[in-house]
Every structure is written in structure tokens, then in C-alpha cells.
Amino acid sequence: MGKHVIFACALVALIAQVRGQIVPLKIIDNAHEKLAVCIDGSPAGYHYDPGFGDGVNNWIVYLMGGGWCAHWTCYLRMGEFHGGTKNVHVGPETFSGILSSDQSVNPEFYNWNRVFLRYCDGASFLGDTEQDDNGRLVQFRGSRIFSSAMDELLQKGMKNAENALLTGCSAGGLATILHCDEFKSLLPNAKRVKCVADSGFFIRAKDFPGAEGREKNFRNVIDFHKLYDILPKSCTSKVNVSLCLFAEYLVGDVQTPLFLLNPIFDSYQVKYLSPNPPELEGWNTSCINVTAIPAPPPTPNTCTPPQMKFIKDFGATFLDAINGLPDNPSRGLFMTSCFYHVLTVSNALWNGPTCKLQDKTISQAIGDWYFDRSPIRMIDNRIDAPVKCG
Ligand SMILES: *[C@@H]1O[C@H](CO)[C@@H](O)[C@H](O)[C@H]1NC(C)=O
Ligand SMILES: *[C@@H]1O[C@H](CO)[C@@H](O)[C@H](O)[C@H]1NC(C)=O
Ligand SMILES: *[C@@H]1O[C@H](CO)[C@@H](O)[C@H](O)[C@H]1NC(C)=O
């Protein structure tokens with residue numbers, strides 16, 4: 001039995017390899033000279049699967065996510081998955097969802113050149129500084145990682161791209177918003193350059209409980225990584241620089257067409273970036289039974305009525321932030337009530353039947369928007385509670 005299981009896994013891996021699904025790590029050339037290095041000083045890298053067929057001149061660049069760090073949480077990342085490339089866990093990457101080379105999963109982008117840029121700087125590919133931590137050199141070089149990787153990809157053929165798409169999830173979704181115009185400027189001859197930010201819209205929501213914590217969270221990142229002169233002037237000239245990682249102050253100034261893909265009840269934000277007042281009784285999301293949602297309490301969710309109200313209010317506040325953005329006809333929107341964080345990686349969410357809006361999967365909606373087949377502005381109308389998807 002054991003042998004068969006191992007064999008089956010090896011076979012799946014082999015087939016996947018043939019189809020280009022398992023993609024090795026490529027370290028950036030001369031990374032040390034360029035200071036394109038991770039927090040622990042190891043060279044940064046990416047995973048690249050070449051395009052084929054009529055996709056050879058199209059490029060998609062995916063920015064990996066993984067939260068942010070400041071102070072000791074950055075030191076903890078040294079030698080880890082999110083702070084270096086030397087760790088045993090950093091091996092080949094399996095491409096799925098928007099990076100899949102399987103046409104049935106990823107009909108719009110399957111044969112494009114597909115790149116997954118590893119996140120190992122802790123500040124959404126922005127910082128450019130170093131620190132001496134008691135004699136130990138610690139690097140925060142996200143902006144050099146981004147620009148060195150882009151240089152290398154341009155040389156590999158991205159400079160001839162006809163179509164290009166910058167995307168990413170979570171901290172990489174926020175990085176997509178922040179690097180979108182820069183990405184476009186690298187490709188002056190391309191026919192079409194656009195960006196898709198997946199789950200990168202982290203709200204400040206200054207009037208919603210927990211704002212102080214959310215503000216402090218990003219202020220610490222901005223201070224620690226010294227992002228003052230790196231964050232967009234369009235934001236820092238308008239509001240206090242310490243607020244310029246909140247998408248609500250950034251999206252309006254992005255010139256390149258940008259698609260916001262986000263869960264309304266973003267499970268990461270609901271769970272970690274929300275307050276814990278007494279009436280929520282030790283709030284955490286474990287009371288949410290996603291298989292039962294949207295069945296109202298008391299069964300079979302174990303959330304108390306105040307907890308359910310809190311979740312509902314979060315959703316309303318999130319949508320207020322989206323609806324408060326300056327109008328822009330080129331912007332795409334897909335706001336789902338699925339209780340998730342990150343929607344582009346899972347095949348089932350990306351192009352499956354349960355995360356549709358107006359009968360379109362996420363893949364179809366983004367394809368229609370990307371190729372100008374139709375504008376997409378879709379907001380789930382199930383706004384009382386998250387729903388089960390995937
Ligand atoms: C920006 O906000 C920080 C933190 O709240 C505060 O200390 C600082 O004085 C503010 N800067 C300006 C220019 O208002
Ligand atoms: C979540 O909250 C419940 C109810 O207060 C508690 O029993 C449980 O231990 C908490 N779980 C975690 C992971 O904190
Ligand atoms: C969640 O809800 C489903 C469907 O109603 C139910 O079968 C399951 O037992 C519930 N799970 C928990 C942990 O309560």
C-alpha cells in the first residue's frame with residue numbers, strides 16, 4: 001500500500017512536471033552585487049515557466065504574499081520561508097490557479113510566460129535598507145528584488161511582451177497595487193498591460209473598531225523599513241505617510257488598469273486585523289462554520305449574535321471602502337462573499353462553480369476585463385454573512 005502511494009505521488013509529480021506545473025527556483029543572476037537579497041542575505045529568486053503556442057509573447061508576473069514584518073518579526077523570518085531562499089522548504093513551486101498551465105483550469109493565461117516572484121523582504125517588495133542587529137547584518141531589499149527580477153525577465157523576452165499582467169495575493173496583492181504603474185512603465189511597447197490585486201485591499205476603516213491596531217500595524221512596517229520616500233508621493237502628499245500602505249489611499253492614483261479581486265469578508269482581515277472587545281467574547285473565527293454559512297445562528301454556527309453582527313458590519317465597512325474609491329471606468333471589481341483570503345491560487349476558486357458572480361467564474365471575469373470583452377464590476381449581494389465556496 002505504502003509503495004503504491006509513493007509511486008502514485010511520483011507519477012503525479014512526473015506528469016505535472018511534463019505539463020510544466022512544478023517549476024524550479026531560479027536565483028536572480030548576480031543577486032549579491034545587485035543587493036537583490038532576502039532578509040537573511042540569501043539571494044532572491046523566482047519561478048519561471050515559459051509560454052507556449054500563441055502565448056509566447058504574453059507575460060504574467062505573480063507577486064507572492066506572506067504578511068509584513070517589523071522588528072523581531074523580521075528577525076524571526078531569517079532563514080525561514082518568508083525571509084530567505086536557503087531554507088529546506090524553498091524548493092520548486094507548484095503552479096496552480098492563475099498560474100496553471102492547464103487550459104481547463106486557466107483558459108485565459110495557461111500558455112503565457114508565467115512567473116512567481118518569491119517574497120522574502122517583509123515589506124511588499126518596497127524596502128531598500130539594511131540594519132546591524134547586534135553584529136548580524138539584516139537586509140530589507142524588496143524594491144531591489146522587484147527591479148532586478150524585472151530586469152532579468154525583460155532580458156528573457158518580457159521586453160517584447162504584447163500582453164502583460166502583474167498580479168499577486170495578500171501582501172503581494174498590495175505590492176501589485178504599489179508596483180502597477182512601474183510595471184507598466186517597463187513595457188512601453190506592449191499592447192496591453194494591466195494589474196490584478198488579489199486580497200491586497202487591507203482596510204483602514206478609521207471609524208470601524210480596531211482602526212488603531214490596523215494603523216499601528218502598517219505604521220510599524222513603514223517606520224521599520226524606512227519607506228517614507230519610497231511610498232507613492234501621490235499618497236504621502238495627501239495623508240500622513242504612515243497611512244500609505246492602506247489601499248484606500250493608493251488605488252485612486254494608479255493610472256494603469258487595475259482589477260481588485262477580494263473577499264468582502266476577507267478571512268485574514270476579519271481574524272487578525274479586527275478588535276477583540278468584551279462583547280465578542282474572545283473573538284476568533286473558529287465559531288464560523290463555513291459549511292453551515294449562511295445558516296443563521298444558533299445552528300450550526302457557534303458564533304454568538306454579537307459575533308455574527310460583527311462579521312456583517314465588517315463586510316459593510318469593507319464595501320464602504322470599495323465604494324468610496326474615486327471612480328475609474330478602467331477598474332475591475334470582483335467582490336465575493338466567499339470566506340477566504342487569496343482567490344487566485346486554488347483551482348476550485350479560480351475557475352470552479354462555487355465562486356461565481358453573475359454566472360462568471362473569477363477566471364472568466366478577469367479574462368473578460370483583461371481582454372476588454374466587457375467591463376467587470378461585480379459585488380456579491382449576499383452581504384449578511386460569508387458563504388461557503390470552493
Ligand atoms: C503622522 O502620524 C504619526 C503617527 O500617528 C505622528 O507621530 C506624526 O506626527 C504624523 N506626521 C505628520 C506630519 O502629521
Ligand atoms: C476561539 O474562541 C473560542 C470561544 O471563545 C475558544 O473556545 C477557542 O479556544 C478559541 N480558539 C482559538 C484558536 O483561540
Ligand atoms: C458545520 O455545519 C455542518 C452543516 O450544517 C454540520 O454538518 C457540521 O457538523 C458543522 N460543524 C461543526 C464543527 O459544527
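As the structure lists them, so they are numbered: ligands from 1, and atoms in each ligand from 1. Side chains included, hydrogens not; waters and symmetry mates left out as well; all remaining heavy atoms used.
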Atom pairs and distances, donor-acceptor, side-chain atoms in residues 154-166, under 3.5 Å, two or more places apart:
residue, atom, partner, partner atom, Å
N163, OD1, R192, NH1, 3.2
N163, ND2, N58, OD1, 3.1

Under a 3.5 Å threshold, yes or no: a donor from one side chain and an acceptor from the other, between R118 and H47?
yes
Identify, chain by chain and in numerical order, each protein residue with a heavy atom under 4.0 Å from an atom of ligand 1.
R219, N240, S242
Residues in side-chain hydrogen bond (donor to acceptor under 3.5 Å, both in side chains) with D151, at least two apart?
none
Under 3.5 Å, is there a donor-acceptor pair between the side chain of R331 and the main chain of D327?
no
W369-S374 side chain donor-acceptor pair, cut-off 3.5 Å
no
Partner set under side-chain hydrogen bond (donor to acceptor under 3.5 Å, both in side chains) for S330, not counting sequence neighbours
N328
